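Worksheet: one structure, shown below.
Worth saying up front: this structure is predicted, and the values here are computed from it rather than measured. FYI, side chains are in, hydrogens and waters are out, and symmetry mates aren't considered; it's all heavy atoms of this structure.
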Amino acid sequence: MLEKQLIGTICIEDLEIGMSRSLQKQITDDDIRMFAEISTDRNPVHLDDDYARDTIFSGRVAHGMLTASLISAVIGEQLPSHGTVYLRQTLEFLAPVRPADLVHAEVTVASIDFSRRRVELDCQCIVADKLVLAGNATVLAPSRKFD
């Protein structure tokens with residue numbers, strides 16, 4: 001499918017099933033520390049190398065919700081973008097994300113309910129060709145009718 005490359009907010013009237021947007025971000029130690037401070041989740045599996053070495057992960061991992069926040073960034077900044085209201089999100093954490101991993105977060109339009117301005121989005125995060133997070137979001141999309 002040839003996808004329209006729209007810039008800025010994509011109103012529901014311009015959305016099509018199969019449209020997708022993505023971003024990539026390398027997860028840094030600073031990201032993990034800042035997320036721990038903001039969320040108040042200071043679990044040592046995220047922050048302490050010695051502690052994390054003896055866990056099921058055999059080393060430190062990023063917060064799952066830090067990875068999930070990249071999905072939120074794609075939705076809020078790219079598809080549909082500004083004016084979008086989150087209604088629901090499901091997430092399945094499939095593999096850990098580690099410091100220095102490059103995460104590719106992608107959101108794809110799965111269905112559109114024009115009458116209710118609801119959009120279902122398939123969401124995923126990938127590290128080195130491995131699916132680490134999968135889910136689905138329901139959002140209220142912006143509309144030109146309400147500008």
Q | Spatial distance of atom CD1 (I112) from atom CZ (R117) [nearest 0.5 Å] | A | 13.5 Å
Q) Transitively linked via ILVMFWY side-chain contacts under 4.5 Å: Y86 with V107? A) yes
Q. How many angstroms lie between atom CG of D101 and atom OG1 of T67, to the nearest 0.5 angstrom?
A. 8.5 Å
Q: May I ask you to decide if Y51's main-chain N or O and R53's side chain share a donor-acceptor pair within less than 3.5 Å?
A: no
Q) Side-chain heavy atoms under 4.5 angstrom apart, residues restricted to Ile, Leu, Val, Met, Phe, Trp, Tyr: same cluster for I10 and L121? A) yes
(Q) Under the side-chain contact (heavy atoms from CB on, under 4.5 Å) test against E106, which residue among R21, Q24, Q124 passes? (A) Q124
Q: Find the distance between OG (S72) and CE (M65) and round it off to the nearest 0.5 Å.
A: 9.0 Å
Q. Atom CG in D122, atom OG1 in T90: separation rounded to 0.5 Å?
A. 9.0 Å
Q. Is there side-chain contact between R88 and R118, with heavy atoms separated by less than 4.5 Å?
A. no
Q) When clusters are formed by joining ILVMFWY residues with side-chain heavy atoms under 4.5 Å apart, either directly or through shared neighbours, do L91 and L87 land in the same one? A) no
Q) Do I17 and L79 belong to the same hydrophobic cluster, where Ile, Leu, Val, Met, Phe, Trp and Tyr are linked whenever their side-chain heavy atoms lie under 4.5 Å apart, directly or via other members? A) yes
Q: Quick one: list whatever passes ring pair (Phe, Tyr, Trp, His ring centres under 6.0 Å) with H46, sequence neighbours left out.
A: H63
Q: Please determine which of I71, V97, L70, I126 meets the side-chain contact (heavy atoms from CB on, under 4.5 Å) test together with L133.
A: I71
Q.
With a 4.5 Å cut-off on side-chain heavy atoms, are P142 and T84 touching?
A. yes
Q.
Checking L47 now: which residues fulfil side chain to side chain contact (heavy atoms under 4.5 Å, CB included) with it, not counting sequence neighbours?
A. I32, R33, A36, R42
(Q) Set out, in order, the CA-CA distance, both residues' side-chain angles and the distance that settles side-chain contact (heavy atoms from CB on, under 4.5 Å) for N136 and E120, then state yes or no. (A) CA-CA 7 Å; N136 180 274; E120 295 285 329; 2.7 Å; yes
Q. Step by step, would you call V119 with T138 a side-chain contact (heavy atoms from CB on, under 4.5 Å)?
A. CA-CA 6 Å; V119 180; T138 304; over 6 Å; no
Q) CG/D48 to CG/D50 distance, rounded to the nearest 0.5 angstrom? A) 5.5 Å
Q. Is there side-chain contact between R144 and D14, with at least one heavy-atom pair below 4.5 Å?
A. yes
Q. Between I75 and A137, what is the shortest heavy-atom contact and its length?
A. CD1-CB, 3.9 Å
Q) Atom CZ in F114, atom OG in S143: separation rounded to 0.5 Å? A) 10.0 Å
Q: Indicate yes or no: at least one non-hydrogen side-chain atom of K145 is less than 4.5 angstrom from one of I12.
A: no
Q: State, to 0.1 Å, how close S81 and E77 come at their nearest heavy-atom pair, and which atoms those are.
A: OG-O, 3.1 Å
Q: Measure from the side-chain N and O atoms of T9 to the backbone N and O of C11, and report whether any donor-acceptor pair falls under 3.5 Å.
A: no
Q. Between D113 and S115, do the side chains contain an N or O donor and an N or O acceptor separated by less than 3.5 Å?
A. yes
Q. How far apart are the closest heavy atoms of A73 and L23, and which atoms are they?
A. CB-CD2, 3.8 Å
(Q) Would a single hydrophobic cluster contain both I27 and V127, if residues Ile, Leu, Val, Met, Phe, Trp and Tyr are joined by side-chain heavy-atom contacts under 4.5 Å? (A) yes
Q. Any side-chain heavy atom of Q89 within less than 4.5 Å of one from C123?
A. yes
